Amino acid sequence: MNQNPNNEVIIKKIESYCAYQDRCHQEVTQKLKSMLIDSSTLDEIIVHLIQNKFLNEERFACSFARGKHRIKSWGNIRIINELKARNITQTNIKTALKEITTEEYFATFENLSARVWENITEKNELKKRKKFCDYLLRKGYESQLVYEKVKELEKSID
């Protein structure tokens, strides 16, 4: 790589950008483009980041999936769609989803659904049911899981 002083400054800046938080290739490429880097230099910098382990798509996917599930209580569908939007490969998506255990996934779903059901103040049962289902589907949980849960919660009221 042609190491002119300007490139070294850019590389240090991007290294710290990647070290701060795991990034995907798309985010780093957008950041470099916003710095008005030409495409040949951009490619060289990306290669440098990968070789020096600042950029790792699999590591990004795994930490993304873990974080979004544990912190934002996202379901698998939402995580998959967000990773696809970041051009993450199917292999890395499958690896990332293995980071969330089945027990943890269902425990999060149970806690979230109970909290949401309690917090919906709607008196009309149909509207309450719709709000509940819409919220959990937006969070990315599987529809059959959501519909089974809403039936279970409605029976507990009767």
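Worth saying up front: this structure is predicted, and the values here are computed from it rather than measured.
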Taking side chain to side chain contact (heavy atoms under 4.5 Å, CB included) as the definition, give me every residue that meets it alongside Gln26, ordered by chain and number, with sequence neighbours left out.
Cys24, Gln30, Arg86, Asn87
Under the side-chain contact (heavy atoms from CB on, under 4.5 Å) rule, what do His25 and Ile50 come out as? Steps first, then yes or no, please.
CA-CA 10 Å; His25 293 292; Ile50 293 169; 3.4 Å; yes
Atom pair CG/CG of Leu136 and Leu145 - distance to nearest 0.5 Å
8.5 Å
Which of Lys128, Lys127, Lys131 passes side chain to side chain donor-acceptor pair (under 3.5 Å) with Glu122? Answer is Lys131
Carefully, step by step, assess Asn119 and Tyr135 under the rule side-chain contact (heavy atoms from CB on, under 4.5 Å).
CA-CA 12 Å; Asn119 288 336; Tyr135 181 82; over 6 Å; no
Taking all non-hydrogen atoms of both residues, which atom of Leu55 and which atom of Cys18 are closest, and how far apart?
CD1-SG, 4.4 Å
Hey, are Glu154 and Lys151 close enough for a salt bridge, meaning a charged N less than 4.0 Å from a carboxylate O?
no
Residue pairs fulfilling salt bridge (Lys or Arg N to Asp or Glu O under 4.0 Å) with at least one residue in residues 19-35, sequence neighbours excluded
Asp22-Arg59
Quick one, Glu110 and Lys149 - any side-chain contact, counting heavy atoms below 4.5 Å?
yes
Indicate if Val116 and Tyr147 have the same hydrophobic cluster label, given that clusters are the connected sets of ILVMFWY residues with side-chain heavy-atom separations under 4.5 angstrom.
yes
Side chains of Trp74 and His69: closer than 4.5 Å at any heavy-atom pair?
no
Using residues 90-100 as the side-chain source, report each donor-acceptor pair under 3.5 Å to any protein atom, sequence neighbours left out, with the distance given to one decimal.
unit_1	atom_1	unit_2	atom_2	d
Asn92	ND2	Thr89	OG1	3.3
Thr95	OG1	Thr91	O	2.9
Glu99	OE1	Arg66	NH1	2.5

What's the spacing between Glu82 CD and Lys68 NZ if we round to 0.5 Å?
7.5 Å
To the nearest 0.5 Å, tell me how far Asp43 CG sits from Ile37 CD1.
12.0 Å
Nearest 0.5 angstrom please: Ile120 CD1 to Arg129 CZ, how far?
12.0 Å
Is the backbone N or O of Phe54 less than 3.5 Å from a side-chain atom of Asn52, with the two atoms forming a donor-acceptor pair by type?
no
Considering all heavy atoms, the nearest Ile88-Ala61 contact:
CG2-CB, 4.0 Å
Between Thr108 and Asn111, is there a side-chain donor-acceptor contact under 3.5 Å, judged purely by atom types and distance?
no
Report the C-alpha separation of Lys13 and Tyr17 in whole Å, then their side-chain angles, then the decisive distance to 0.1 Å, and conclude whether the side-chain contact (heavy atoms from CB on, under 4.5 Å) test is met.
CA-CA 6 Å; Lys13 204 175 260 190; Tyr17 177 71; over 6 Å; no
CG/Leu83 to SG/Cys62 distance, rounded to the nearest 0.5 angstrom?
9.5 Å
Rounded distance (nearest 0.5 Å) linking atom OG of Ser16 with atom NZ of Lys12
9.5 Å
Should Thr41 and Asp38 count as side-chain neighbours, where that means a heavy-atom distance under 4.5 Å?
yes
Is Ile80 linked to Leu112 within one hydrophobic cluster, defined over Ile, Leu, Val, Met, Phe, Trp and Tyr using a side-chain heavy-atom separation of less than 4.5 Å?
yes
Restricting to side chain to side chain contact (heavy atoms under 4.5 Å, CB included), what partner residues turn up for Thr101, sequence neighbours left out?
Glu103, Glu104
With sequence neighbours left out, the residues meeting ring-ring contact (aromatic ring centres under 6.0 Å, His included) with Phe132 are Trp117
Among residues at least two apart in sequence or on other chains, which ones pass ring-ring contact (aromatic ring centres under 6.0 Å, His included) with Tyr141?
Tyr105, Phe109
